[in-house]
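Input: a single structure, listed below in structure tokens.
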Amino acid sequence: FHGNRDFYHLIKNVTRNILEKSREGTISNQTLLDISILSIERNFGGLQFNDDNNITSLQVIKNIFRVLYPEYKLKNKFEVLTRIKENISDLKSRYLLVISKSSVSSFLLSSTLSDLNKNYILYIGSQFPNDIKSEEYPLKILNKIKKHVEQGNILILKNLESVYPALYDLFNQNFMEINKKNYARIAFGSSTNAFAFTFVNDNFRCIVNVDYKQIEDEEPLFLNRFEKQIISFDYLLDEKLLKESNKIYGILNELITYDKNEMKGINYDLKKIFINFDLEEIQGIIYQSSQTSSKNIIEEVISKMALTLPQDILICLKFNRFHTKYPEITNSIMNAYNCGQHNNLNAFLNKMTNSRNIIYTFSSNLDIIKINQKINNEIFGDIINSNIFEIKISSIKTENELEKQVEEFFNDEKKKICLIRFNSNEGHFINYIKFFIENKEKDLLSNKKETKKEKIFIFIVHLVRIF
């Protein structure tokens, strides 16, 4: 999907950088080559071929560059997050499309914007059944987007395919200038005449996040509008850390490897109840750890993953001889596991230290949750049944319904804790609802002068063993 726009913006980017450097003094051949590579990395990323080597278009272009300029020291890998930061800070560049293979991209984009001290809003498309086929939902999202375009905020958009066609003029940066202000046409509704001109703040930036598996379903004309980058841990981690991640993944896989003849009682797939057991998840923990922590890498991974281990796997590691092969790792797993509260909800609420939590349980979603007695939490104070609010995702059909319930919780001063309950097949809602709550909290705080007491959210995911 590399097209004329990519080449046009490559030339534009190179020219602008040469002019900037020329004002600083003499331009050397080395400077010209540096500018060229930087501009190539900005405008010709984002395309990966489906071959055995997973080669990218950028690597193909760099191989040609090496032949033409053999004296230039050129690296295959590049600082993709740096290129993303450059795009966000460059108000004259195209908007950005980020291709990713996992939900970790949302975290990486958020942390990148935090590094730049940029305020942002992330909209993930609703997964509720009635919104997917609704004409009202895209209009609601377009009105929210319009507000942020006018205010000059940074928007991250994900899974909003029903909305993107209405924003083509905005994505194209095809602006109409009136009194030295830019206006973009945004289409509202299915009629070709149903559109409005929206003021585009000079500081407005847009990032569209597309899953790697969905990229082939996107239209080339849509993709060609953006600078494109792939967020992959192949670029973010060095070779040593990539090898370490594969090693850790292999070791943890042995946790759930057993002889079926010896353990006939386990007639279900342990991997399906091994929460977040995924190579990219492990690489994400390693990447985050490499930026902030001095802990041993495997200790860091275990400290994050052991807290959600089901007892089935803890029993399995004793009978599959994992504990004799890896005694130190077994001790680390048990120590990390014992740092959590696994007995019941009352014990968890009593020791809770964070305002955002997630619990995985094999209890039924139909079970009624009640606190047996008043709990006095050292950080959040008294917790009783009357200050707990409950939302069941299975009962919600539209984002409007979710919004009403979340607003009701935020506006009720007596309510302290919101339990959001998910069935085992509703895990795809978790990221969407997490960011929906964050956005709603930002909106409510910006509209009110007084800062209310911190609200607590607990996601409860009801798992099943038999699939």
Worksheet item: With no hydrogens and no angle check, do the side chains of Arg421 and Ser394 hold a donor and an acceptor under 3.5 Å apart?
Response: no
Item to complete: Verify the ring-centre separation between Phe171 and Tyr95: is it less than 6.0 angstrom?
Response: no
Worksheet item: Can you check whether Arg83 reaches Asn87 side chain to side chain, under 4.5 Å on heavy atoms?
Response: no
Response to the item:
Sorted by chain and residue number, the side-chain contact (heavy atoms from CB on, under 4.5 Å) partners of Pro310 (sequence neighbours excluded) come out as Ile273, Asp312, Ile313, Phe362
Discussion item. Whether the side chain of Lys228 engages the backbone of Leu223 through a donor-acceptor N/O pair (distance < 3.5 Å, no angle test) should be reported.
Written reply: yes
Worksheet item: Looking at residues at least two apart in the chain, or sitting in another chain, which of them share a side chain to side chain donor-acceptor pair (under 3.5 Å) with Tyr360?
Response: none
Worksheet entry | Contacts of type side chain to side chain donor-acceptor pair (under 3.5 Å), residue Tyr164, not counting sequence neighbours | none
Discussion item. Going by side chain to side chain donor-acceptor pair (under 3.5 Å), name the residues that satisfy it together with Tyr432, two or more places apart in sequence or in a different chain.
Written reply: Glu399
Donor-acceptor contacts, no H, no angles, side chain residues 30-40, under 3.5 Å, sequence neighbours left out:
residue	atom	partner	partner atom	Å
Gln30	NE2	Asp34	OD1	3.4
Thr31	OG1	Ser28	OG	3.0
Asp34	OD1	Tyr72	OH	2.6
Ser36	OG	Leu32	O	2.8
Ser39	OG	Asn13	OD1	2.7
Ser39	OG	Ile35	O	3.0

Discussion item. What I'd like to find out is whether the side chain of Gln405 reaches to under 4.5 Å of the side chain of Ile396, using heavy atoms alone.
Written reply: yes
Item to complete: Output yes when Glu441 and Arg356 qualify as a salt bridge under the 4.0 Å nitrogen-oxygen rule, no when they do not.
Response: yes
Worksheet item: Are more than 12 heavy atoms from other residues, nucleotides or ligands located less than 6.0 Å from atom CD of Glu403?
Response: yes
Worksheet item: Going from CD1 on Ile121 to CG on Leu157, what distance comes out if it is rounded to the nearest 0.5 angstrom?
Response: 10.5 Å
Item to complete: Sequence neighbours left out, what passes ring-ring contact (aromatic ring centres under 6.0 Å, His included) with His148? Give chain and number order.
Response: Tyr123
